[in-house]
Asks: 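This is the structure I have questions about; it appears just below.
All figures in this text were calculated on a predicted structure; none of them were measured in a lab.
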Amino acid sequence: MTDLATRPAPPLLRRAAPALLGYAAVRTLGVVALTLWSAARDKSALTLLSARWDALWYTRVAELGYGYEVRLPNGDIHSNLAFFPLLPWLERAVSAVTPLSYAHAGLAVGTLASLGAAWGIFAVVDLVYGRRAGVCAVLLWAVLPVGIVQSMAYTEALFTALAAWSLYAVLTGRWVTAGALAALAGLTRPVGLAVVAAVWAAAITSYVRQRHLDPAPSSGRNRSPEASGGTPWWPRALGMLLAPLGAGGYVLWVGERTGKGPLGYLDVQAGWRNGFDGGYAFARFIADKFTSFPSALAGVGLIAGVAAVVWLYVICVRQGQPLPLLVYAGVVTALALCASSYFGSKPRLLMPAFPLLLPLALALARARTPRSAAVLGGVAAVSAVYGAFWLNGSGPP
(Lines give C-alpha, C1' and ligand atoms only; values in the text may rest on other atoms or scores of the structure.)
Protein backbone atom coordinates (compact mmCIF):
# COMPACT_ATOMS: atom_id res chain seq x y z
CA MET A 1 0.00 0.00 0.00
CA THR A 2 2.94 2.31 0.60
CA ASP A 3 4.08 1.82 -2.99
CA LEU A 4 0.59 2.49 -4.29
CA ALA A 5 0.33 5.70 -2.29
CA THR A 6 3.47 7.05 -3.96
CA ARG A 7 2.29 6.50 -7.53
CA PRO A 8 1.20 9.60 -9.44
CA ALA A 9 -2.54 9.70 -10.05
CA PRO A 10 -3.39 9.04 -13.73
CA PRO A 11 -5.88 11.18 -15.68
CA LEU A 12 -8.73 9.05 -14.35
CA LEU A 13 -11.70 10.07 -16.47
CA ARG A 14 -9.93 9.78 -19.82
CA ARG A 15 -8.23 6.59 -18.71
CA ALA A 16 -11.52 5.14 -17.48
CA ALA A 17 -13.47 5.99 -20.65
CA PRO A 18 -13.44 2.43 -22.15
CA ALA A 19 -14.65 0.97 -18.86
CA LEU A 20 -17.42 3.55 -18.46
CA LEU A 21 -18.58 3.21 -22.07
CA GLY A 22 -18.65 -0.57 -21.75
CA TYR A 23 -20.51 -0.31 -18.46
CA ALA A 24 -23.09 2.04 -19.95
CA ALA A 25 -23.60 -0.32 -22.89
CA VAL A 26 -24.20 -3.32 -20.60
CA ARG A 27 -26.63 -1.46 -18.37
CA THR A 28 -28.47 -0.05 -21.42
CA LEU A 29 -28.86 -3.59 -22.72
CA GLY A 30 -30.33 -4.63 -19.37
CA VAL A 31 -32.82 -1.76 -19.32
CA VAL A 32 -33.86 -2.39 -22.93
CA ALA A 33 -34.46 -6.07 -22.16
CA LEU A 34 -36.48 -5.10 -19.10
CA THR A 35 -38.55 -2.61 -21.11
CA LEU A 36 -39.41 -5.17 -23.79
CA TRP A 37 -40.20 -7.92 -21.29
CA SER A 38 -42.33 -5.58 -19.16
CA ALA A 39 -44.25 -4.29 -22.20
CA ALA A 40 -45.07 -7.86 -23.16
CA ARG A 41 -46.56 -8.33 -19.67
CA ASP A 42 -48.37 -4.95 -19.63
CA LYS A 43 -46.09 -3.61 -16.91
CA SER A 44 -44.12 -0.38 -16.68
CA ALA A 45 -40.34 -0.77 -16.62
CA LEU A 46 -40.08 2.70 -15.11
CA THR A 47 -42.28 1.66 -12.19
CA LEU A 48 -40.31 -1.54 -11.70
CA LEU A 49 -37.07 0.41 -11.51
CA SER A 50 -38.22 3.31 -9.35
CA ALA A 51 -41.23 2.30 -7.25
CA ARG A 52 -41.08 -1.26 -5.93
CA TRP A 53 -39.96 -2.87 -2.67
CA ASP A 54 -37.25 -0.88 -0.86
CA ALA A 55 -37.52 1.98 -3.35
CA LEU A 56 -40.99 2.72 -1.97
CA TRP A 57 -39.66 2.90 1.57
CA TYR A 58 -36.89 5.30 0.58
CA THR A 59 -39.37 7.48 -1.29
CA ARG A 60 -41.66 7.58 1.74
CA VAL A 61 -38.74 8.70 3.95
CA ALA A 62 -37.90 11.44 1.45
CA GLU A 63 -41.50 12.62 1.34
CA LEU A 64 -42.65 12.25 4.94
CA GLY A 65 -39.55 11.68 7.03
CA TYR A 66 -39.11 8.95 9.61
CA GLY A 67 -41.84 7.53 11.81
CA TYR A 68 -43.82 5.40 9.36
CA GLU A 69 -44.31 1.73 10.22
CA VAL A 70 -46.42 -1.23 9.18
CA ARG A 71 -47.76 -3.69 11.74
CA LEU A 72 -48.19 -7.16 10.27
CA PRO A 73 -50.81 -9.71 11.41
CA ASN A 74 -48.09 -11.88 12.99
CA GLY A 75 -46.99 -8.99 15.23
CA ASP A 76 -43.91 -7.94 13.27
CA ILE A 77 -43.34 -4.20 12.95
CA HIS A 78 -41.74 -2.91 9.76
CA SER A 79 -40.40 0.55 10.57
CA ASN A 80 -38.81 2.90 8.04
CA LEU A 81 -36.11 3.57 10.63
CA ALA A 82 -34.42 0.47 9.19
CA PHE A 83 -33.52 2.48 6.07
CA PHE A 84 -30.45 4.73 6.27
CA PRO A 85 -30.96 8.37 5.25
CA LEU A 86 -28.47 9.34 2.53
CA LEU A 87 -30.53 8.18 -0.47
CA PRO A 88 -33.76 9.86 0.79
CA TRP A 89 -31.80 13.06 1.45
CA LEU A 90 -30.50 13.00 -2.12
CA GLU A 91 -33.95 12.22 -3.50
CA ARG A 92 -35.37 15.21 -1.65
CA ALA A 93 -32.55 17.48 -2.84
CA VAL A 94 -32.84 16.44 -6.50
CA SER A 95 -36.63 16.72 -6.43
CA ALA A 96 -36.36 20.21 -4.94
CA VAL A 97 -34.29 21.56 -7.86
CA THR A 98 -35.84 19.54 -10.73
CA PRO A 99 -39.36 18.60 -11.87
CA LEU A 100 -38.69 14.97 -10.88
CA SER A 101 -40.82 13.16 -8.33
CA TYR A 102 -39.07 11.58 -5.36
CA ALA A 103 -39.23 8.17 -7.02
CA HIS A 104 -37.78 9.41 -10.31
CA ALA A 105 -35.19 11.45 -8.43
CA GLY A 106 -34.13 8.23 -6.71
CA LEU A 107 -33.79 6.56 -10.08
CA ALA A 108 -31.66 9.47 -11.35
CA VAL A 109 -29.45 9.28 -8.26
CA GLY A 110 -29.09 5.52 -8.65
CA THR A 111 -28.16 5.82 -12.33
CA LEU A 112 -25.52 8.48 -11.72
CA ALA A 113 -24.23 6.60 -8.70
CA SER A 114 -23.84 3.43 -10.78
CA LEU A 115 -21.54 5.32 -13.16
CA GLY A 116 -19.66 6.68 -10.16
CA ALA A 117 -19.34 3.14 -8.81
CA ALA A 118 -18.05 1.83 -12.14
CA TRP A 119 -15.50 4.65 -12.24
CA GLY A 120 -14.45 3.98 -8.65
CA ILE A 121 -14.04 0.25 -9.26
CA PHE A 122 -11.92 1.01 -12.32
CA ALA A 123 -9.78 3.48 -10.37
CA VAL A 124 -9.06 0.92 -7.63
CA VAL A 125 -8.30 -1.98 -9.95
CA ASP A 126 -6.31 0.15 -12.39
CA LEU A 127 -4.16 1.37 -9.51
CA VAL A 128 -3.48 -2.14 -8.23
CA TYR A 129 -3.45 -4.32 -11.37
CA GLY A 130 -3.50 -2.04 -14.40
CA ARG A 131 -5.93 -0.60 -16.92
CA ARG A 132 -6.96 -3.79 -18.71
CA ALA A 133 -7.84 -5.52 -15.45
CA GLY A 134 -9.76 -2.41 -14.40
CA VAL A 135 -11.91 -2.50 -17.53
CA CYS A 136 -12.61 -6.21 -17.05
CA ALA A 137 -13.53 -5.71 -13.39
CA VAL A 138 -16.05 -2.99 -14.26
CA LEU A 139 -17.66 -5.10 -16.98
CA LEU A 140 -17.85 -8.13 -14.68
CA TRP A 141 -19.59 -5.99 -12.06
CA ALA A 142 -22.01 -4.78 -14.75
CA VAL A 143 -22.93 -8.31 -15.93
CA LEU A 144 -23.66 -9.78 -12.51
CA PRO A 145 -26.91 -11.80 -12.65
CA VAL A 146 -28.62 -9.24 -10.40
CA GLY A 147 -26.94 -6.31 -12.13
CA ILE A 148 -30.34 -4.78 -12.92
CA VAL A 149 -30.35 -3.53 -9.30
CA GLN A 150 -27.60 -1.11 -10.37
CA SER A 151 -30.23 0.59 -12.53
CA MET A 152 -32.86 0.82 -9.77
CA ALA A 153 -33.67 3.43 -7.13
CA TYR A 154 -31.81 1.29 -4.60
CA THR A 155 -28.73 2.00 -2.49
CA GLU A 156 -26.38 -0.67 -3.84
CA ALA A 157 -24.88 1.55 -6.56
CA LEU A 158 -24.62 4.59 -4.29
CA PHE A 159 -22.96 2.58 -1.54
CA THR A 160 -20.54 0.88 -3.95
CA ALA A 161 -19.54 4.25 -5.40
CA LEU A 162 -18.75 5.71 -1.98
CA ALA A 163 -16.98 2.54 -0.86
CA ALA A 164 -14.85 2.23 -4.01
CA TRP A 165 -13.71 5.85 -3.89
CA SER A 166 -13.00 5.59 -0.17
CA LEU A 167 -10.83 2.54 -0.87
CA TYR A 168 -9.09 4.41 -3.68
CA ALA A 169 -8.39 7.28 -1.29
CA VAL A 170 -6.95 4.81 1.23
CA LEU A 171 -4.71 3.19 -1.38
CA THR A 172 -3.38 6.59 -2.46
CA GLY A 173 -2.84 7.88 1.07
CA ARG A 174 -5.70 10.42 1.15
CA TRP A 175 -6.81 9.57 4.66
CA VAL A 176 -9.18 12.45 5.36
CA THR A 177 -10.98 11.92 2.06
CA ALA A 178 -11.19 8.20 2.80
CA GLY A 179 -12.72 8.85 6.20
CA ALA A 180 -15.25 11.36 4.86
CA LEU A 181 -16.39 8.98 2.11
CA ALA A 182 -16.58 6.13 4.62
CA ALA A 183 -18.85 8.29 6.77
CA LEU A 184 -21.14 8.89 3.79
CA ALA A 185 -21.14 5.16 3.01
CA GLY A 186 -22.17 4.59 6.61
CA LEU A 187 -25.16 6.87 6.06
CA THR A 188 -26.22 4.70 3.11
CA ARG A 189 -26.35 1.12 4.38
CA PRO A 190 -25.53 -0.79 7.60
CA VAL A 191 -22.74 -2.54 5.69
CA GLY A 192 -20.92 0.80 5.77
CA LEU A 193 -19.12 -0.82 8.70
CA ALA A 194 -17.07 -2.68 6.08
CA VAL A 195 -15.65 0.60 4.75
CA VAL A 196 -14.92 1.79 8.29
CA ALA A 197 -13.08 -1.46 9.01
CA ALA A 198 -11.02 -1.09 5.82
CA VAL A 199 -10.02 2.50 6.67
CA TRP A 200 -9.09 1.60 10.24
CA ALA A 201 -7.13 -1.52 9.27
CA ALA A 202 -5.21 0.34 6.57
CA ALA A 203 -4.46 3.36 8.74
CA ILE A 204 -3.18 1.28 11.66
CA THR A 205 -1.10 -0.97 9.41
CA SER A 206 0.34 2.00 7.55
CA TYR A 207 1.29 3.76 10.78
CA VAL A 208 2.94 0.63 12.23
CA ARG A 209 4.84 0.03 8.99
CA GLN A 210 6.05 3.61 8.89
CA ARG A 211 7.25 3.48 12.50
CA HIS A 212 9.05 0.21 11.76
CA LEU A 213 10.80 1.59 8.67
CA ASP A 214 11.57 4.97 10.29
CA PRO A 215 12.73 4.38 13.88
CA ALA A 216 13.84 7.28 16.04
CA PRO A 217 17.57 8.06 15.78
CA SER A 218 19.93 6.86 18.51
CA SER A 219 20.41 10.42 19.82
CA GLY A 220 16.99 10.08 21.48
CA ARG A 221 15.41 12.95 19.54
CA ASN A 222 12.25 11.95 17.73
CA ARG A 223 12.16 13.00 14.12
CA SER A 224 8.83 14.15 12.77
CA PRO A 225 7.37 12.04 9.94
CA GLU A 226 7.51 15.10 7.69
CA ALA A 227 11.24 15.48 8.29
CA SER A 228 11.91 11.85 7.47
CA GLY A 229 9.78 11.82 4.35
CA GLY A 230 6.84 9.95 5.88
CA THR A 231 3.21 10.87 6.37
CA PRO A 232 2.23 12.84 9.49
CA TRP A 233 0.07 10.97 11.97
CA TRP A 234 -2.85 13.37 12.09
CA PRO A 235 -4.41 12.69 8.62
CA ARG A 236 -4.69 9.01 9.52
CA ALA A 237 -6.16 9.84 12.91
CA LEU A 238 -8.65 12.28 11.41
CA GLY A 239 -9.65 9.77 8.73
CA MET A 240 -10.19 7.12 11.41
CA LEU A 241 -12.25 9.58 13.44
CA LEU A 242 -14.46 10.57 10.51
CA ALA A 243 -15.05 7.07 9.13
CA PRO A 244 -17.56 5.75 11.72
CA LEU A 245 -19.50 9.00 12.16
CA GLY A 246 -22.12 8.20 9.50
CA ALA A 247 -23.21 4.72 10.61
CA GLY A 248 -22.55 5.41 14.27
CA GLY A 249 -24.41 8.71 14.22
CA TYR A 250 -27.50 7.24 12.57
CA VAL A 251 -27.60 4.19 14.86
CA LEU A 252 -27.33 6.41 17.94
CA TRP A 253 -30.05 8.70 16.57
CA VAL A 254 -32.36 5.73 16.06
CA GLY A 255 -31.66 4.61 19.62
CA GLU A 256 -32.58 8.06 20.88
CA ARG A 257 -35.67 8.19 18.64
CA THR A 258 -36.95 4.81 19.84
CA GLY A 259 -35.94 5.39 23.46
CA LYS A 260 -34.03 2.10 23.50
CA GLY A 261 -30.49 3.40 23.65
CA PRO A 262 -27.50 2.39 21.49
CA LEU A 263 -29.05 -0.99 20.63
CA GLY A 264 -32.34 0.48 19.45
CA TYR A 265 -31.46 -0.06 15.79
CA LEU A 266 -31.12 -3.79 16.42
CA ASP A 267 -34.68 -3.82 17.73
CA VAL A 268 -35.81 -2.06 14.54
CA GLN A 269 -34.08 -4.73 12.45
CA ALA A 270 -35.60 -7.45 14.62
CA GLY A 271 -39.02 -6.10 13.63
CA TRP A 272 -38.09 -7.03 10.07
CA ARG A 273 -36.87 -10.43 11.34
CA ASN A 274 -33.38 -9.47 10.32
CA GLY A 275 -30.17 -9.73 12.30
CA PHE A 276 -26.76 -11.41 12.48
CA ASP A 277 -26.66 -15.03 13.63
CA GLY A 278 -23.39 -16.23 12.11
CA GLY A 279 -25.16 -17.91 9.19
CA TYR A 280 -27.25 -20.36 11.24
CA ALA A 281 -30.59 -19.34 9.72
CA PHE A 282 -29.14 -19.38 6.21
CA ALA A 283 -27.72 -22.86 6.80
CA ARG A 284 -31.15 -24.06 7.96
CA PHE A 285 -32.74 -22.45 4.90
CA ILE A 286 -30.37 -24.41 2.66
CA ALA A 287 -30.87 -27.63 4.61
CA ASP A 288 -34.65 -27.34 4.24
CA LYS A 289 -34.22 -27.45 0.47
CA PHE A 290 -33.16 -31.10 0.73
CA THR A 291 -36.54 -32.25 2.05
CA SER A 292 -37.76 -33.01 -1.48
CA PHE A 293 -36.09 -33.80 -4.77
CA PRO A 294 -36.95 -30.75 -6.91
CA SER A 295 -35.95 -28.29 -4.19
CA ALA A 296 -32.79 -30.29 -3.48
CA LEU A 297 -31.40 -29.02 -6.78
CA ALA A 298 -31.82 -25.46 -5.48
CA GLY A 299 -30.03 -26.52 -2.29
CA VAL A 300 -27.11 -27.83 -4.31
CA GLY A 301 -27.02 -24.58 -6.27
CA LEU A 302 -26.99 -22.51 -3.05
CA ILE A 303 -24.14 -24.57 -1.60
CA ALA A 304 -22.21 -24.20 -4.86
CA GLY A 305 -22.81 -20.44 -4.82
CA VAL A 306 -21.57 -20.00 -1.25
CA ALA A 307 -18.56 -22.23 -2.00
CA ALA A 308 -17.76 -20.10 -5.07
CA VAL A 309 -17.86 -16.89 -3.02
CA VAL A 310 -15.56 -18.38 -0.36
CA TRP A 311 -13.24 -19.77 -3.06
CA LEU A 312 -12.98 -16.37 -4.73
CA TYR A 313 -12.10 -14.74 -1.42
CA VAL A 314 -9.37 -17.34 -0.79
CA ILE A 315 -7.91 -16.59 -4.22
CA CYS A 316 -8.00 -12.87 -3.43
CA VAL A 317 -5.91 -13.56 -0.33
CA ARG A 318 -3.48 -15.79 -2.22
CA GLN A 319 -3.06 -13.17 -4.96
CA GLY A 320 -1.99 -10.68 -2.34
CA GLN A 321 -4.71 -8.05 -2.73
CA PRO A 322 -4.05 -4.93 -0.65
CA LEU A 323 -5.25 -5.24 2.94
CA PRO A 324 -8.06 -2.61 2.63
CA LEU A 325 -9.68 -4.57 -0.22
CA LEU A 326 -9.46 -7.86 1.68
CA VAL A 327 -10.93 -6.37 4.85
CA TYR A 328 -13.71 -4.61 2.98
CA ALA A 329 -14.69 -7.64 0.88
CA GLY A 330 -14.44 -9.95 3.89
CA VAL A 331 -16.77 -7.86 6.06
CA VAL A 332 -19.30 -7.32 3.25
CA THR A 333 -19.34 -11.05 2.53
CA ALA A 334 -19.66 -12.02 6.19
CA LEU A 335 -22.53 -9.59 6.79
CA ALA A 336 -24.35 -10.77 3.66
CA LEU A 337 -24.00 -14.51 4.25
CA CYS A 338 -24.55 -14.39 8.01
CA ALA A 339 -27.69 -12.24 8.05
CA SER A 340 -30.65 -14.13 9.48
CA SER A 341 -33.30 -13.22 6.91
CA TYR A 342 -34.03 -12.22 3.29
CA PHE A 343 -32.19 -15.19 1.85
CA GLY A 344 -33.28 -14.35 -1.68
CA SER A 345 -31.46 -11.04 -1.36
CA LYS A 346 -28.03 -12.58 -0.73
CA PRO A 347 -26.77 -11.95 -4.31
CA ARG A 348 -27.90 -8.31 -4.08
CA LEU A 349 -26.26 -7.87 -0.68
CA LEU A 350 -23.00 -9.30 -2.05
CA MET A 351 -22.95 -6.90 -5.01
CA PRO A 352 -20.81 -4.21 -3.29
CA ALA A 353 -18.04 -6.78 -2.64
CA PHE A 354 -16.40 -6.03 -6.00
CA PRO A 355 -12.88 -7.15 -4.93
CA LEU A 356 -14.21 -10.72 -5.15
CA LEU A 357 -14.36 -10.23 -8.92
CA LEU A 358 -10.68 -9.40 -9.29
CA PRO A 359 -9.43 -12.99 -9.80
CA LEU A 360 -11.89 -13.33 -12.69
CA ALA A 361 -10.95 -9.88 -13.99
CA LEU A 362 -7.26 -10.81 -14.02
CA ALA A 363 -8.01 -14.03 -15.89
CA LEU A 364 -9.98 -12.12 -18.52
CA ALA A 365 -7.28 -9.47 -18.75
CA ARG A 366 -4.71 -12.14 -19.61
CA ALA A 367 -6.91 -13.66 -22.32
CA ARG A 368 -6.97 -12.40 -25.89
CA THR A 369 -9.34 -9.51 -26.51
CA PRO A 370 -11.74 -11.40 -28.85
CA ARG A 371 -12.13 -14.19 -26.29
CA SER A 372 -12.69 -11.78 -23.38
CA ALA A 373 -15.19 -9.79 -25.45
CA ALA A 374 -17.09 -12.94 -26.42
CA VAL A 375 -17.29 -14.14 -22.82
CA LEU A 376 -18.43 -10.77 -21.47
CA GLY A 377 -20.88 -10.24 -24.34
CA GLY A 378 -22.51 -13.62 -23.82
CA VAL A 379 -22.78 -13.16 -20.06
CA ALA A 380 -24.18 -9.64 -20.58
CA ALA A 381 -26.96 -11.01 -22.78
CA VAL A 382 -27.85 -13.72 -20.25
CA SER A 383 -27.75 -11.19 -17.41
CA ALA A 384 -30.07 -8.81 -19.29
CA VAL A 385 -32.65 -11.53 -19.90
CA TYR A 386 -32.40 -12.84 -16.35
CA GLY A 387 -32.73 -9.34 -14.90
CA ALA A 388 -35.89 -8.71 -16.94
CA PHE A 389 -37.36 -12.04 -15.84
CA TRP A 390 -36.35 -11.51 -12.19
CA LEU A 391 -37.71 -7.98 -11.87
CA ASN A 392 -41.01 -8.93 -13.53
CA GLY A 393 -41.32 -11.81 -11.09
CA SER A 394 -40.39 -12.01 -7.42
CA GLY A 395 -37.48 -9.60 -7.80
CA PRO A 396 -35.28 -8.34 -4.97
CA PRO A 397 -37.15 -8.07 -1.67
Asks: Donor-acceptor pairs under 3.5 angstrom involving side-chain atoms of residues 357-366: please list them, not counting sequence neighbours.
Replies:
none

Asks: Please report, to 0.1 Å, the donor-acceptor pairs under 3.5 Å made by any side chain of residues 143-150, with sequence neighbours excluded.
Replies:
from: Gln150; atom 1: OE1; to: Tyr23; atom 2: OH; distance (Å): 2.8
from: Gln150; atom 1: NE2; to: Trp141; atom 2: O; distance (Å): 2.8

Asks: Would a 4.5 Å heavy-atom cut-off, applied to side chains only, mark Ile286 and Phe343 as touching?
Replies: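 A side-chain contact is absent here, since even the closest heavy-atom pair is not under 4.5 Å.
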Asks: Determine all donor-acceptor pairs shorter than 3.5 Å in which one atom belongs to a side chain in residues 248-255; sequence neighbours excluded.
Replies:
from: Tyr250; atom 1: OH; to: Leu81; atom 2: O; distance (Å): 2.7
from: Tyr250; atom 1: OH; to: Phe83; atom 2: O; distance (Å): 3.3

Asks: Hey, are the side chains of Leu100 and Val94 touching, using non-hydrogen atoms and a 4.5 Å cut-off?
Replies: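 Yes, close enough: below the 4.5 Å cut-off.
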Asks: With a 4.5 Å heavy-atom cut-off, do Lys260 and Tyr265 have their side chains touching?
Replies: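 They are not in side-chain contact.
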Asks: Restricting to ring pair (Phe, Tyr, Trp, His ring centres under 6.0 Å), what partner residues turn up for Trp200, sequence neighbours left out?
Replies: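 With neighbours one apart ignored, the set is empty.
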Asks: For Tyr68, what residues pass the ring pair (Phe, Tyr, Trp, His ring centres under 6.0 Å) criterion, not counting sequence neighbours?
Replies: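 Partners of Tyr68 under the ring pair (Phe, Tyr, Trp, His ring centres under 6.0 Å) test: Trp57.
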Asks: Verify, without hydrogens or angle tests, whether Thr188 (side chain) and Leu184 (backbone) share a donor-acceptor contact under 3.5 angstrom.
Replies: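 Side chain of Thr188 to backbone of Leu184, a donor-acceptor pair under 3.5 Å: yes, one is there.
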Asks: Do side-chain atoms of Arg15 reach the backbone of Phe122 as a donor and acceptor pair under 3.5 angstrom?
Replies: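 Checked: no pair found.
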Asks: Does any part of the side chain of Tyr102, heavy atoms only, come nearer than 4.5 Å to the side chain of Leu64, both counted from C-beta?
Replies: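 SC-SC contact between Leu64 and Tyr102 ruled out.
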Asks: Any side-chain donor-acceptor pair under 3.5 Å between Ser114 and Thr111?
Replies: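 Not at all, the side chains of Ser114 and Thr111 share no donor-acceptor pair under 3.5 Å.
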Asks: List the steps and the verdict of side chain to side chain contact (heavy atoms under 4.5 Å, CB included) for Thr155 and Phe84.
Replies: CA-CA 9 Å; Thr155 56; Phe84 278 49; over 6 Å; no
Asks: Would Leu391 and Leu49 satisfy side chain to side chain contact (heavy atoms under 4.5 Å, CB included), going step by step from the backbone distance to the final call?
Replies: CA-CA 8 Å; Leu391 208 55; Leu49 292 173; 3.9 Å; yes
Asks: Quick one, Leu350 and Leu337 - any side-chain contact, counting heavy atoms below 4.5 Å?
Replies: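 Of all side-chain heavy-atom pairs linking Leu337 with Leu350, at least one is under 4.5 Å.
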Asks: Test of understanding: with salt bridge (Lys or Arg N to Asp or Glu O under 4.0 Å), list the residues that count as partners of Glu256, not counting sequence neighbours.
Replies: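 For Glu256 there are no salt bridge (Lys or Arg N to Asp or Glu O under 4.0 Å) partners, ignoring immediate neighbours.
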Asks: Testing the basics here: between Gly22 and Leu139, what is the closest heavy-atom pair and its distance to 0.1 Å?
Replies: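 Nearest pair, atom of Gly22 first, then Leu139: C-CD2, 3.5 Å.
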Asks: Just by distance, do the side chain of Thr160 and the backbone of Ala157 share a donor-acceptor pair under 3.5 Å?
Replies: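 Absent.
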Asks: Could you tell me which residues satisfy side-chain contact (heavy atoms from CB on, under 4.5 Å) with Glu69, sequence neighbours excluded, listed by chain and number?
Replies: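 With neighbours one apart ignored, the set is Arg71, Ile77, Ser79.
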Asks: Indicate every side-chain donor-acceptor pair of residues 28-46 with a distance under 3.5 Å to a residue at least two apart or in another chain.
Replies:
from: Thr28; atom 1: OG1; to: Ala24; atom 2: O; distance (Å): 2.7
from: Thr35; atom 1: OG1; to: Val31; atom 2: O; distance (Å): 2.8
from: Ser38; atom 1: OG; to: Leu34; atom 2: O; distance (Å): 2.7
from: Ser38; atom 1: OG; to: Asn392; atom 2: ND2; distance (Å): 3.2
from: Lys43; atom 1: NZ; to: Asn392; atom 2: O; distance (Å): 3.0
from: Ser44; atom 1: OG; to: Leu46; atom 2: N; distance (Å): 3.4
from: Ser44; atom 1: OG; to: Thr47; atom 2: N; distance (Å): 3.2
from: Ser44; atom 1: OG; to: Thr47; atom 2: OG1; distance (Å): 3.3

Asks: Partners of Trp119 by ring pair (Phe, Tyr, Trp, His ring centres under 6.0 Å), sequence neighbours excluded?
Replies: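 By the ring pair (Phe, Tyr, Trp, His ring centres under 6.0 Å) rule, Trp119 matches Trp165.
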Asks: What's the separation between atom OG in Ser151 and atom CZ in Arg27, rounded to the nearest 0.5 Å?
Replies: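 Ser151 atom OG to Arg27 atom CZ measures 4.0 Å (nearest 0.5 Å).
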Asks: Please give me the minimum heavy-atom distance between Asn80 and Gly67, naming the atom from each residue.
Replies: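 Residues Asn80 and Gly67, closest heavy atoms: OD1-N, 3.1 Å.
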Asks: Using residues 312-332 as the side-chain source, report each donor-acceptor pair under 3.5 Å to any protein atom, sequence neighbours left out, with the distance given to one decimal.
Replies:
from: Tyr313; atom 1: OH; to: Leu326; atom 2: O; distance (Å): 2.8
from: Gln321; atom 1: NE2; to: Pro355; atom 2: O; distance (Å): 3.1
from: Tyr328; atom 1: OH; to: Pro352; atom 2: O; distance (Å): 2.8

Asks: If you define the side chain from C-beta out and look only at heavy atoms, does anything of Phe290 sit under 4.5 Å from Val300?
Replies: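 The answer is yes; the side chains approach within 4.5 Å.
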Asks: In chain order, what residues pass the salt bridge (Lys or Arg N to Asp or Glu O under 4.0 Å) check against Arg189, with sequence neighbours excluded?
Replies: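 Salt bridge (Lys or Arg N to Asp or Glu O under 4.0 Å) list for Arg189, sorted by chain: Glu156.
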Asks: Does the pair Ile121 and Tyr168 meet the rule for a side chain to side chain contact (heavy atoms under 4.5 Å, CB included), with working shown?
Replies: CA-CA 9 Å; Ile121 291 170; Tyr168 179 79; over 6 Å; no
Asks: Going by heavy atoms in the side chains, are Ser340 and Asn274 under 4.5 Å from each other?
Replies: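 Result yes, sub-4.5 Å side-chain heavy-atom pair found.
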Asks: Do we see a donor-acceptor contact under 3.5 Å between the side chains of Thr369 and Arg132?
Replies: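 The criterion, which ignores hydrogens and geometry beyond distance, is satisfied for Arg132 and Thr369.
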Asks: Quick test of your reading: applying salt bridge (charged side-chain N to carboxylate O under 4.0 Å, His left out), list the pairs with at least one residue in residues 74-87, sequence neighbours left out, ordered by first then second residue.
Replies: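 Qualifying pairs, neighbours excluded: Asp76-Arg273.
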